[in-house]
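Shown next, in structure tokens, is the structure this report addresses.
All values derive from a computational prediction rather than experimental measurement. Ligands are counted one by one from 1 in listed order, and the atoms in each one are counted from 1 as well.
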Amino acid sequence: MPGIGSRVRISFGSQTLVGIVIAIDSEHEIPLEKIKPVLQVLDETPLLDERLLVLYQFASSYYLYPPGLALQASLPRAFREGKPLQGRVLKMWQLSETGKTLEMESLARAPQQVRALSLLRSYEALSPAELSTLLSRPSGPILQALEEKGLICQVETSPGMTTDTTLKEAPLNFNAGQQAAFDAIRSASAGFNCFLLEGITGSGKTEIYLQLIHETLQRGKQALVLVPEISLTPQTIRRFSQRFQCRFESYHSGLSEIQRQDVWLAGRTGEADIIIGTRSSVFLPFDQLGLIIVDEEHDDSYKQQEGFRYNARDLAVWRARQLKIPLVLCSATPSLESLNNALQGRYQLLQLPERAGKATSPQLKLVDLRQQSTEEGFAPTVIAEIGKKLQSNEQVLVFLNRRGFSPVMLCEDCGWIAQCTRCEKSYTLHRQPAGLRCHHCDAARPLPQRCGECGSSRLNAQGMGTERTESFLAGRFPDFPVIRIDRDSTRRQDSLAQKLQQADSGIPCILVGTQMLAKGHHFPKVSLVVIMDADSGLFSADFRAHENLGQLLIQVAGRSGRSDKPGTVLIQTWHPEHPSLRKLLESGYGNFARSLIEERKSGQLPPSSRLVLLRAEASRQHLPMEFLSAVRKLLADMQASGVSLHGPMPSPMGKKAGRFRAQLMLMSVSRQKLHNTGSSLAVMLEQLPQARSVRWHIDVDPVDFS
Ligand code: ADP
Ligand code: ZN
Ligand code: ZN
């Protein structure tokens, strides 16, 4: 008989499928001849242990998503397909004697091999997954080539070996604030405890959790570190490699299927001592998990935005409670949800108000754009400041959250704007490669030579995107490289890593980019940050807009002056008197966020309440609203107490990729009541005839309201 959590083959209609046993019942009311036999038991030892199954069951129930699909969304593919679990010993690679003495020039025609060799030189030993992460490309073929040349060899390891807790480098001596935070976490009672470590960028949060992890390893336990995006945090990965002798692995979408499978199994057997991963790592199995860290806990990428719409941060908290272990949420700009939990005493709040080491906090200044003649979006004083920094061998970061050349293409004779008809939004003009592109549905079309309305050739690009800013700055400061970092310029595998490396080299340069620049990576040589436009977030209808703006500004600002040079942040705005902006600058993110919590409270918005969003879309305009109106009526008939209904209303982005969109919001101060209503809603939708005429989904604790 298969155990609970084992995979089995079953027949399902005319197909044979792989299933997972979630319960075994000896009594049933279904006639025996109607029950199908299990065709084959695939696992002797269950694939999923009970704790993991319970986590999946909770996630499926809380996010109102079918359990089978939830498993499908997060298990490595080989396991879903029923392939045997290969208890492969994870291979670690190191340089062979030949590799150690090789002159790199002899490999000049194989630059990836040279990079891999130099990484192995500085890290001593790496697993294929780690190397893939560091190279931002699959490491398999490169390792194979190097092995064939006899330049690398495998490190002898055996499964279940005891963890080597010695450190490669000595930990830093804590300052008083770090010590207090560390002691508070260490001395907390055994069992579940959730800490919110609110520390400004550069205050030494990472150093604290590195030392917590070390202490966890010494107790014979494993640690899980969640990060928003691995490719943006090579520095963090490097710090782990430089510090720990033990086995650490990373888990993210850039790995091959085989590597994902290996890391998954290494967690389960306990071979991997530390796993750093993105959102889906919250579902990794562990033999002896002893600590969870969620870095940059405010980051929206912890929330999956399609299919299984879970929030990895929130599931991490649930999992820590289930396993009775400590969890630390870290951020310079905590989410209002976590901050509110801390203020209410559910989490323990630990604060680090000062930068660690020698670095001083950056100075934030508003640049009033009114009554100034700007040049390509820059105030003259800002351009002068950029010039000064470059002349004194420093780096400048220019932040603009809009990729492409310009966001609007306009006919100067009749006012026509080139629009994507599938989304009813203006196309963005791109120069590299040239064309119009819709940033909502990715539609592309060639650059028009004439106006689509009046035929005039006086077409004009309006507004600034990163491409245009890049070309302006390159023309203005021809002696200095301009490095653009956005989704377009880093599409090619490896190009992001190369660009980051170029910046890390410390040469005076200008970095231009979108919010990719705001995440994770530190640019120690940047001493000036320019924020081109703070205003787009000030007047949005989205109730989370101010929170997001505050986080973004402070995160971008925090990239600068991380070493000995003090940083300056210039924020260009047309609304220097805006109360939110003033609050943020004058009293800091912490107070700004606390006052936003109060505002949300008076509006009964999250975190004072909870939301469930039902979204619907269809190619015919009236269908989504009709469907949602029918749902609203049924919900009203149910008279769910304590749950209020808002809408239906067309979504802010009312049409996307040719489909019309609308939403209905359920809100309650009681999580339980909302969950009950949401569950009935899910059942009801399966039976509602109108539901077949639209595409719909339920989003619990939504973060995207577009
Ligand atoms: P955070 O994670 O809060 O951004 P980090 O842990 O990355 O901060 O620390 C920022 C910088 O300060 C790093 O370069 C780190 O090496 C250094 N640092 C951290 N703690 C100390 C300390 N106690 N003494 C000296 N330098 C420190
Ligand atoms: Zn025209
Ligand atoms: Zn479009």
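- Per-residue contacts place F174 under 4.0 angstrom from the following atoms of ligand 1 (heavy atoms of the residue considered): 23 (N).
- Geometrically, ligand 1 and G204 share a nitrogen or oxygen pair separated by less than 3.5 Å.
- Salt-bridge check for R615 with D704: failed, with every basic side-chain N at 4.0 Å or more from each acidic carboxylate O.
- Of all atoms in ligand 1, numbered sequentially from 1 with element shown, those under 4.0 Å from a heavy atom of N175 are 23 (N).
- A salt bridge does not link E337 to K303: none of the charged nitrogens lies less than 4.0 Å from a carboxylate oxygen.
- Side-chain atoms of L172 and Q178, non-hydrogen and from C-beta on, never get closer than 4.5 Å to each other.
- Only side-chain heavy atoms of Q178 come within less than 4.0 Å of ligand 1; its backbone N, CA, C and O stay farther off.
- For CD of Q218, the number of neighbouring non-hydrogen atoms (other residues, nucleotides, ligands) closer than 6.0 Å is greater than 12.
- The shortest N or O to N or O distance between T201 and ligand 1 is not below 3.5 Å.
- Other residues, nucleotides and ligands place no more than 12 heavy atoms under 6.0 Å from the CD atom of Q363.
- In the displayed structure, R594 atom CZ is contacted under 6.0 Å by more than 12 heavy atoms of other residues, nucleotides or ligands.
- Seen from the Zn ion (ligand 2), atom SG of C411 and atom SG of C454 lie 110° apart in angle, a value rounded to 10°.
- Atom OG of S560 is separated from atom CG of L511 by 12.0 Å, given to the nearest 0.5 angstrom.
- In N173, the part holding a heavy atom less than 4.0 Å from any atom of ligand 1 is the backbone.
- The option with the heavy atom closest to atom 11 (C) of ligand 1, from among S203, G558, G202, is G202.
- Contact annotation for R239 and ligand 1: only side-chain heavy atoms (C-beta onward) come within less than 4.0 Å of the ligand.
- Here E424 pairs with K655 in a salt bridge; the nearest charged N to carboxylate O distance falls below 4.0 Å.
- Within a 6.0 Å sphere centred on CZ of R620, other residues, nucleotides and ligands contribute 12 heavy atoms or fewer.
- We find that R239 and E169 are not joined by a salt bridge, their nearest charged nitrogen and carboxylate oxygen being 4.0 Å or further apart.
- Atoms of the protein (N, O or S only) found under 2.8 Å from the Zn ion (ligand 3) are C420 SG, C423 SG, C438 SG, C441 SG.
- In the model, E215 has no side-chain atom that pairs as donor or acceptor with a side-chain atom of Q211 under 3.5 Å.
- Taking any N or O of H522, backbone or side chain, none lies under 3.5 Å from an N or O belonging to ligand 1.
- Residue contacts with ligand 1: L172 is placed with no nitrogen or oxygen under 3.5 Å of a nitrogen or oxygen of the ligand (distance criterion only).
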